[in-house]
Amino acid sequence: MLSTSVSVTSRLLYRGLGSIPAPLYDDSIIEPLGFPSNDNLHRSRNGVRVFDLLEGNGATALRCLYNMLLKECTVSKRVDQGKTVHAHVAKSLFRCEVVMNNTLLNMYAKCGSLEEARKVFDEMPQRDFVTWTTLISGYSQHGQPIDALVLFIQMLRDGFIPNEFTLSSVVKAAAAAEPRGCCGQQLHGFCLKCGYDLNVHVGSSLLDMYTRYGLMDDAQLVFDALESRNDVSWNVLIAGHARRCGTEKALELFQRMLREGFRPSHFSYSSIFGACSSTGFLEQGKWVHAYMIKSGEKLVAFAGNTLIDMYAKSGSIHDARKIFDRLAKRDVVSWNSLLTAYAQHGFGREAVCLFEEMRKAEITPNEISFLSVLTACSHSGLLDEGWHYFELMKRDGIVPKAWHYVTIVDLLGRSGDLDRALRFIREMPIEPTAAIWKALLNACRMHKNVELGAYAAEHVFELDPDDPGPHVILYNIYASGGRWNDAARVRKKMKESGVKKEPACSWVEIENAIHMFVANDERHPQREEISRKWEEIYAKIKDLGYVPDTSHVVVHVDQQEREVNLQYHSEKIALAFALLNTPPGSTIHIKKNIRVCGDCHSAIKLVSKVVEREIIVRDTNRFHHFRDGTCSCGDYW
DNA sequence: ATAGGGTTAG
């Protein structure tokens with residue numbers, strides 16, 4: 001059907017314009033072209049209608065036709081059809097024309113076929129500055145920043161003058177290139193000399209580069225100096241702060257952007273939600289979400305996916321599900337985001353259901369999907385399901401990476417089959433990583449296997465000597481086995497090697513304010529009330545059978561003092577504070593910078609029963625949902 | 001004919 005209308009067109013061209021060399025209009029040449037869409041010949045494109053082609057001379061008509069086709073291939077990224085057009089161009093009058101070759105080069109570059117693009121470039125009899133710029137931006141946009149920079153130097157050596165298009169691509173390349181060196185700053189100087197440093201495009205690239213270098217003040221200076229700003233320049237600055245966990249700054253800029261009359265796009269929203277998510281600013285994130293709804297901005301996957309993640313990471317798994325359900329179009333990342341959410345919250349069954357739903361919806365799971373469903377299985381102790389998905393993954397042709405192996409070691413470890421976990425590690429086709437040994441070490445802590453724990457710890461110390469976590473776990477393994485001499489040895493070794501335990505802290509967000517606590521916190525204005533509240537709770541949970549587990553105190557002091565220290569762990573203080581300052585019956589959210597300690601875990605379980613509240617604790621590893629005396633992690637984490 | 005910004009895991 002397509003070729004019929006094409007050949008009609010070509011005959012019209014031929015009849016009307018006799019002076020054109022015959023082979024160019026031979027139907028056998030034109031006909032094999034597969035057109036992306038029939039409409040394109042009739043629709044206005046490049047300002048040309050098919051019948052306009054009849055006016056003027058034949059060369060112009062054909063050039064327009066090739067341009068239309070190449071544009072269509074570029075936009076729809078159909079490089080195979082582009083190659084067919086290329087074959088025609090190569091036989092035509094235009095094969096030596098700079099502009100036509102630039103168009104071809106651009107088609108290949110935009111489609112990501114950089115080798116083809118390079119061939120066109122190398123074979124061009126003549127080049128202009130657009131030729132260079134097109135290939136440079138191709139490299140820059142497709143993850144080949146070094147090639148872009150090398151080509152830029154050659155461009156200058158060959159005497160071509162870069163313009164603002166060239167420079168914005170080159171600066172982007174410099175921001176992405178490793179190692180960084182100082183080529184970014186040198187380029188900034190170059191832009192300044194050319195007078196392009198204040199241009200919106202070049203300037204946005206420059207300020208993006210500075211944020212990626214971590215030089216936020218320099219980024220701000222570039223932003224302030226821009227000759228004009230648009231939504232992109234705002235978004236670049238917001239995204240820069242968001243990436244560096246500068247959530248407050250990102251939010252402040254977002255509000256300034258609104259005040260100055262710019263309309264945020266899904267770029268702005270996804271940066272903001274991402275920042276709120278990684279730093280736990282739920283209330284602020286909700287505010288921005290509400291603003292987005294009111295402004296009528298459609299919920300697209302890019303922003304929606306971060307929103308799923310934000311609600312999940314803030315502890316509101318049900319809100320995460322709501323967003324997922326409301327998304328008009330879901331991509332693989334949307335599914336992965338919700339799968340990950342279920343995994344982190346220990347909702348294993350839900351994750352398994354969702355994974356099956358995903359396959360029914362004909363979305364192909366990728367390695368992240370499998371990682372999430374495996375993590376969910378391991379966090380809920382679904383041993384058989386975990387094995388099933390591990391096998392399925394391999395059958396689907398996805399090669400398991402180290403992190404997939406971690407989940408299996410974790411799964412076997414949780415089930416208590418430590419020997420099998422060790423055998424699994426020994427038989428893996430990859431070299432075990434620190435994370436794999438850490439999973440075994442953790443299993444040894446939970447099942448109190450001192451010998452294997454020490455063995456796993458040795459491997460961890462060798463592979464990741466700077467992580468204080470494993471030292472603390474090994475200490476706890478020895479301490480809970482009553483082996484205080486060995487425990488003391490671990491402490492001594494920690495001291496000698498200079499590994500520092502990260503000071504634990506916990507925080508709660510109440511009415512837009514974040515309250516942070518460290519152990520034995522004595523600075524809070526409500527400290528006396530908090531202390532009284534904890535004493536009251538402590539008495540009640542003791543009645544329910546709570547016995548302080550002093551093996552979790554790393555300070556080597558006498559038993560009584562250990563018990564006292566334990567009662568002022570940061571998560572207990574934060575919990576007492578939250579009980580004082582939130583309405584009865586509401587869910588309490590606590591966040592913690594390291595893994596929740598075993599004693600606090602047992603205490604919080606009982607507190608959830610005593611106060612009849614749901615308590616959700618986010619630690620570095622996962623979420624714990626405490627309710628009516630139990631925890632969603634099943635006491636394994 | 002050529003330019004700059006955003007998502008999930010670890």
Side-chain angles (χ1 to χ4, degrees), chain A residues 46 63 67 70-71 74 97-107 109-110 128-138 140-141 162-173 175 196 199-209 211-212 222 226 230-240 242-243 264-275 277-278 300-310 312-313 320 324 330-341 343-344 366-376 401-404 406-407 433-435 438 620-621:
Chain A
N46 296 340
R63 189 184 280 114
N67 282 337
L70 285 173
K71 180 157 188 171
T74 307
E97 280 187 7
V98 177
V99 174
M100 183 58 82
N101 278 309
N102 285 349
T103 311
L104 274 168
L105 175 58
N106 184 47
M107 183 273 298
K110 283 285 169 4
D128 64 6
F129 71 99
V130 176
T131 317
W132 289 87
T133 301
T134 306
L135 189 56
I136 289 170
S137 68
S140 169
Q141 286 166 349
N163 66 357
E164 65 269 42
F165 287 71
T166 326
L167 290 174
S168 44
S169 289
V170 175
V171 171
K172 179 185 158 83
Y196 288 125
N199 168 277
V200 211
H201 283 94
V202 178
S204 297
S205 287
L206 282 168
L207 83 91
D208 182 55
M209 178 190 81
T211 67
R212 286 174 200 273
V222 174
L226 286 178
N230 60 15
D231 61 321
V232 177
S233 23
W234 280 98
N235 290 342
V236 169
L237 194 56
I238 290 174
R243 255 196 309 274
S265 64
H266 57 274
F267 286 93
S268 343
Y269 288 116
S270 72
S271 295
I272 292 285
F273 296 146
S277 152
S278 51
V300 297
F302 246 116
N305 297 344
T306 37
L307 209 44
I308 292 174
D309 181 58
M310 183 188 87
K313 287 224 174 74
F324 177 83
R330 300 180 196 116
D331 56 17
V332 65
V333 179
S334 320
W335 290 87
N336 288 353
S337 301
L338 191 59
L339 273 175
T340 304
Q344 287 167 339
N366 60 20
E367 59 177 53
I368 298 177
S369 324
F370 278 104
L371 183 64
S372 296
V373 77
L374 287 169
T375 306
K401 300 262 168 64
W403 288 107
H404 297 102
V406 172
T407 62
T433 59
K438 283 179 198 177
T620 37
N621 200 34

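Every chain is numbered from 1, with letters handed out A, B, ... down the list of sequences. Only heavy atoms go into these numbers, but all of them, side chains included; no hydrogens, no water, no symmetry mates.
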Next on the checklist: Is it the case that the base of dG4(B) and the side chain of S204(A) share a donor-acceptor contact (distance under 3.5 Å, atom types as modelled)?
Outcome noted: yes

Next on the checklist: Looking at the base of dG4(B), is there any donor atom on it, or on the side chain of N230(A), that sits under 3.5 Å from an acceptor on the other one?
Outcome noted: yes

Next on the checklist: Classify V130(A) by what it touches in the nucleic acid, base, sugar-phosphate, or nothing, heavy-atom distance under 4.0 Å.
Outcome noted: base

Next on the checklist: Can you tell me if Q141(A) touches the phosphate of dT2(B), counting only side-chain N or O atoms and a distance under 4.0 Å to OP1 or OP2?
Outcome noted: no

Round to the nearest Å and state the distance from [X] atom [atom1] to [N] atom [atom2].
| X | N | atom1 | atom2 | answer |
| --- | --- | --- | --- | --- |
| F165(A) | dT2(B) | CZ | C1' | 6 Å |
| D309(A) | dT8(B) | CG | C1' | 7 Å |
| W403(A) | dA9(B) | CH2 | P | 13 Å |
| F129(A) | dA3(B) | CZ | P | 13 Å |

Checklist outcome for this item: Contacts of D208(A) meeting salt bridge (Lys or Arg N to Asp or Glu O under 4.0 Å) (sequence neighbours excluded), chain-then-number -> R212(A), R243(A)

Checklist entry - With sequence neighbours excluded, what pairs up with E164(A) under the salt bridge (Lys or Arg N to Asp or Glu O under 4.0 Å) test? => result none

Measuring from the side chain of [X] (C-beta onward, heavy atoms only), which nucleotide among [options] has the closest atom?
| X | options | answer |
| --- | --- | --- |
| I368(A) | dT7(B), dA9(B), dA3(B) | dA9(B) |
| V200(A) | dA1(B), dG4(B), dT8(B) | dG4(B) |
| H201(A) | dA1(B), dA3(B), dT2(B) | dA3(B) |

